[in-house]
Peer 1: 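Could you have a look at this structure, given as structure tokens, before my questions?
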Amino acid sequence: RQRTGVARGPLAFSALKPQGLPVAALAELAYLQALAGVDLIKDDHGLADSVSAPFAERVPAIQAAVARANAQTGGQTLYAPNLNGGPGKVRAQLQVCRDEGVGAVMMCPLLMGASQMVEWVREPLDMLVLAHPALAGVARIHPSVMYGTLFRLFGADLVIFPNFGGRFADDSQVCRRTAQRLAAPLAGRPPAMPVPAGGLTPERVPELVDFYGPDVALLIGGSLLAAADPLAAMRGFVDSVCKGR
């Protein structure tokens with residue numbers, strides 16, 4: 001909350017997609033999202049170190065675009081690049097993030113390895129850490145334990161998980177239990193912010209804020225980008241979230 005400047009109530013969260021966009025297009029999209037007042041913008045989890053948007057080129061351009069929008073609005077929008085690869089590659093990516101003043105990063109614990117994520121968090125990073133559930137669907141672990149307890153123990157400040165009623169099969173009680181675990185006492189650790197996601201639409205914002213309460217970050221990406229006027233859709237989403245504050 002300190003990093004985003006949102007003292008209370010839900011956060012607006014969005015993503016950069018689809019894959020295949022060049023750096024300039026991704027930076028322009030991030031600029032529009034930040035201009036609309038989105039609190040946190042992340043790389044799509046499939047956006048790694050592609051030919052069309054290499055990490056070392058993408059991150060400086062997007063961070064500069066977000067900073068430009070923040071300067072215009074007075075906002076504190078954060079950008080979270082997707083870290084990926086082995087320890088050597090991730091170290092180089094983190095150096096890019098530090099050089100550019102990036103305030104958050106995203107990790108996929110089941111892709112990069114839980115032990116690697118823990119080691120990076122212990123450095124410390126001085127960046128917010130988002131955990132993404134890529135590959136979690138193949139695990140024999142209850143979702144509320146995987147996302148609500150393990151990802152939090154790995155060091156996540158925010159945890160993305162499939163929301164009920166979206167593209168995935170987890171029901172509302174599993175989602176509620178996940179959010180409860182993220183807030184529950186856990187070996188003296190601070191709570192982590194729940195980030196329900198997966199096919200959400202702006203129309204569901206009041207329902208989801210009522211369901212999860214004020215301590216939630218709502219992640220909506222594809223439905224905003226598919227709108228006839230994406231900037232208007234982004235602003236409508238942010239306005240709806242702000243009503244819950």
Side-chain angles (χ1 to χ4, degrees), residues 1-15 38-42 45 76-78 80 103-110 114 117-118 120-122 124-137 139 141-166 168-200 202 204-221 237-238 240-245:
R1 289 191 176 284
Q2 291 174 344
R3 296 291 177 96
T4 60
V6 180
R8 62 182 62 84
L11 302 177
F13 196 165
S14 197
V38 171
D39 298 302
L40 202 152
I41 302 164
K42 75 172 188 70
H45 62 280
Q76 294 178 230
T77 298
L78 297 174
V105 292
M106 185 173 76
M107 304 183 193
C108 300
L110 301 183
M117 177 174 174
V118 170
W120 291 127
V121 171
R122 284 176 176 170
L125 293 178
D126 194 30
M127 303 174 196
L128 293 181
V129 176
L130 288 63
H132 188 280
L135 282 189
I141 300 174
H142 194 275
S144 69
V145 177
M146 175 68 79
Y147 310 135
T149 300
L150 294 181
F151 280 17
R152 186 174 166 198
L153 286 172
F154 299 161
D157 300 302
L158 303 97
V159 176
I160 302 168
F161 59 89
N163 188 63
F164 67 95
F168 304 95
D170 290 343
D171 63 29
S172 61
Q173 292 311 305
V174 169
C175 293
R176 187 185 300 278
R177 183 59 180 149
T178 297
Q180 289 172 341
R181 284 181 179 272
L182 288 168
L186 182 66
R189 293 173 177 269
M193 181 75 77
V195 187
L200 304 188
R204 294 192 65 191
V205 168
E207 168 205 352
L208 295 174
V209 172
D210 182 64
F211 181 84
Y212 287 106
D215 291 320
V216 65
L218 300 177
L219 173 53
I220 301 182
F237 166 48
V238 171
S240 184
V241 169
C242 287
K243 289 178 181 177
R245 296 176 182 171

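Counting from 1, the numbers follow the sequence of the chain as shown. As the structure is a prediction and not an experimental result, all values here were calculated from the model.
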Peer 1: Any pair with a residue in residues 176-194 that passes salt bridge (Lys or Arg N to Asp or Glu O under 4.0 Å), sequence neighbours left out, goes on the list, sorted by first then second residue, please.
Peer 2: none
Peer 1: Between N163 and L218, is the side chain to side chain contact (heavy atoms under 4.5 Å, CB included) condition met? List the steps.
Peer 2: CA-CA 10 Å; N163 188 63; L218 300 177; over 6 Å; no
Peer 1: Restricting to side-chain hydrogen bond (donor to acceptor under 3.5 Å, both in side chains), what partner residues turn up for D126, sequence neighbours left out?
Peer 2: R3
Peer 1: Nearest heavy-atom pair of L200 and L219: which atoms, and what distance?
Peer 2: CD1-O, 3.7 Å
Peer 1: Exactly one of P206, P10, P202 should register a side-chain contact (heavy atoms from CB on, under 4.5 Å) with S240. Which one does?
Peer 2: P206
Peer 1: Run the side-chain hydrogen bond (donor to acceptor under 3.5 Å, both in side chains) test against E207 and tell me which residues pass, sequence neighbours left out.
Peer 2: R204
Peer 1: Taking all non-hydrogen atoms of both residues into account, name the closest pair between H132 and K42 and its distance.
Peer 2: CD2-NZ, 4.2 Å
Peer 1: Hey, are the side chains of V205 and I220 touching, using non-hydrogen atoms and a 4.5 Å cut-off?
Peer 2: yes
Peer 1: Specify the closest pair of heavy atoms between V38 and V238, including all atoms of both residues, with the distance to one decimal.
Peer 2: N-CG2, 3.7 Å
Peer 1: Who are the side chain to side chain contact (heavy atoms under 4.5 Å, CB included) partners of A104, not counting sequence neighbours?
Peer 2: A80, L128, L130
Peer 1: Using the side chain to side chain contact (heavy atoms under 4.5 Å, CB included) criterion, which residues pair with V174? Sequence neighbours excluded.
Peer 2: H142, P143, D170, D171, T178
Peer 1: State the CG-CZ distance between D157 and R152, to the nearest 0.5 angstrom.
Peer 2: 11.0 Å
Peer 1: Can you sort out the partners of V121 under side chain to side chain contact (heavy atoms under 4.5 Å, CB included), two or more places apart, ordered by chain and number?
Peer 2: M117, V129
Peer 1: Which atom names give the shortest non-hydrogen contact between S14 and G221, and what distance separates them?
Peer 2: OG-CA, 3.8 Å
Peer 1: If we only count heavy atoms from C-beta on, is the P191 to L182 side-chain gap below 4.5 Å?
Peer 2: no
Peer 1: Within the structure provided, determine whether L135 and C108 are in side-chain contact (heavy-atom separation under 4.5 Å).
Peer 2: no
Peer 1: How far apart are the closest heavy atoms of F13 and F237, and which atoms are they?
Peer 2: O-CE2, 3.7 Å
Peer 1: How would you list, by chain and number, every residue that makes a ring pair (Phe, Tyr, Trp, His ring centres under 6.0 Å) with F164, sequence neighbours excluded?
Peer 2: F211
Peer 1: According to ring pair (Phe, Tyr, Trp, His ring centres under 6.0 Å), who are the partners of Y147, at least two apart in sequence or on a separate chain?
Peer 2: F151
Peer 1: Search all heavy atoms of I160 against all heavy atoms of A197 and return the closest pair with its distance.
Peer 2: CG2-CB, 3.9 Å
Peer 1: Suppose we screen for side chain to side chain contact (heavy atoms under 4.5 Å, CB included). Which residues come up paired with V6, at least two apart in sequence or across chains?
Peer 2: R1, T4, L11, D39, R245
